[in-house]
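One structure is given here, and the rest of the page talks about it.
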Protein chains: 2
Amino acid sequence: MQDALRRFKADIFQALAHPTRIAILELLRDGDLSAGALIEKLGMEQANVSQHLAVLRAKQLVAHRKVGNQVFYSVRDRVLIDVLDLMRIYFHAHLKESLGMLDELDKTQEALR
Amino acid sequence: MQDALRRFKADIFQALAHPTRIAILELLRDGDLSAGALIEKLGMEQANVSQHLAVLRAKQLVAHRKVGNQVFYSVRDRVLIDVLDLMRIYFHAHLKESLGMLDELDKTQEALR
DNA sequence: GCTCTATATTACTCCATTCGAATATTCCTA
DNA sequence: TAGGAATATTCGAATGGAGTAATATAGAGC
């Protein structure tokens, strides 16, 4: 049972473990977006984005509703946003030591979010 | 740059995306433990645990110090524990819909942590 | 220095994830 | 109902992650 909980957590983290999927969740932070809008904002292949959305859907991190031709996605639980926010604190605290990007980091604080 | 940051985040989540590594972090929740102690508590192969520790070390999620023959591990940032706690909230909210374990869930509330 | 214990690393195999390309599905509109 | 737009799914190739077994390293004590 303990173990099932850990598998569950691991699954969620697995779903979060891709730059594109993180980007998607961050884009959905302030409200719904259609798949098309996501594709445009991400500037990536339609099929690729759609596959990542499928992962997020499978793990139930996002909800989706059809509106005519389009499909609108949203973050299913604000707690996920809280997790991302907490991780942002972590990232700010440790990015410098973790990567060799000190210079760029200092120069582009605004890029951090 | 945005992208490098997201890759960094994804890497951290990737490191968290395994039940054994989550178990390790939870075991380290209340203080340092030696690799041997972790192996014993986890009841897993030495090499296997050591590899998972290597992942956590590589991503800098844990700190380690040598004491004679042994190596003691600790969580490098409490924020990670907070994240795991948040995930528990998420778990409680969604497990029923997410997994097919309704019955056990209701019967073993105390096992939840 | 030799041996024992604790831990890490390597090699190999198996399974999962990722991407692009092509194809399928669904819904709208003429 | 045919065509077009939006989105999803499938396939194959490449890459990456996980587990086991075997081997290597490092420190302690004799």
If you check every side-chain atom of [X], which of [options] has the closest atom?
X	options	value
A:V71	C:dT26, C:dA8, D:dT7	D:dT7
B:N69	D:dA28, C:dT7, C:dT10	D:dA28
B:R57	C:dA8, D:dT7, C:dT18	C:dA8
A:S50	D:dA6, D:dT20, D:dT9	D:dT9

Can you tell me whether the side chain of B:Q46 and the base of C:dA8 have a donor-acceptor pair closer than 3.5 Å?
yes
[X] side-chain N/O to [N] phosphate OP1/OP2 under 4.0 Å:
X	N	result
B:Y73	C:dA8	yes
B:R65	C:dT7	no
A:H52	C:dC19	yes

Grab the two heavy atoms, one from [X] and one from [Y], that are nearest each other, plus how far apart they are.
X	Y	answer
A:Q14	A:R21	O-NH2, 3.3 Å
B:L86	A:V79	O-CG1, 3.8 Å
A:A35	A:Y73	CB-CE1, 4.1 Å
A:R6	B:P19	CD-O, 3.7 Å

Would you call the rings of A:F13 and B:F13 parallel, tilted or perpendicular, taking 30° and 60° as the class edges?
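Plane angle under 30°, so parallel.
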Using a 4.0 Å heavy-atom cut-off across all strands, classify [X] as base, sugar-phosphate, or nothing.
X	result
A:F72	nothing
A:S34	sugar-phosphate
A:N48	sugar-phosphate
B:A47	base

Rounded distance in Å - [atom1] ([X]) to [atom2] ([N]):
X	N	atom1	atom2	result
B:D11	D:dG16	CG	C1'	12 Å
A:L53	D:dT7	CG	P	10 Å
B:H64	D:dA26	NE2	C1'	13 Å
B:L38	C:dA6	CG	P	14 Å
A:E45	D:dT7	CD	P	15 Å
B:R21	D:dG19	CZ	C1'	12 Å
A:L56	C:dT17	CG	C1'	14 Å
A:M44	C:dG20	CE	P	7 Å

Which residue, A:T20 or B:Q51, contacts DNA chain C at a nucleotide closer to its 5' end, judged by nearest heavy atom?
B:Q51
Considering heavy-atom distances to DNA chain D, does B:H18 or A:I39 have its closest nucleotide positioned more toward the 5' end?
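The residue whose closest nucleotide sits nearer the 5' end is A:I39.
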Of A:A54 and B:Q14, the one whose closest nucleotide on DNA chain D sits nearer the 5' end is A:A54
Side-chain heavy-atom pair B:L25, B:V62 within 4.5 angstrom cut-off:
yes
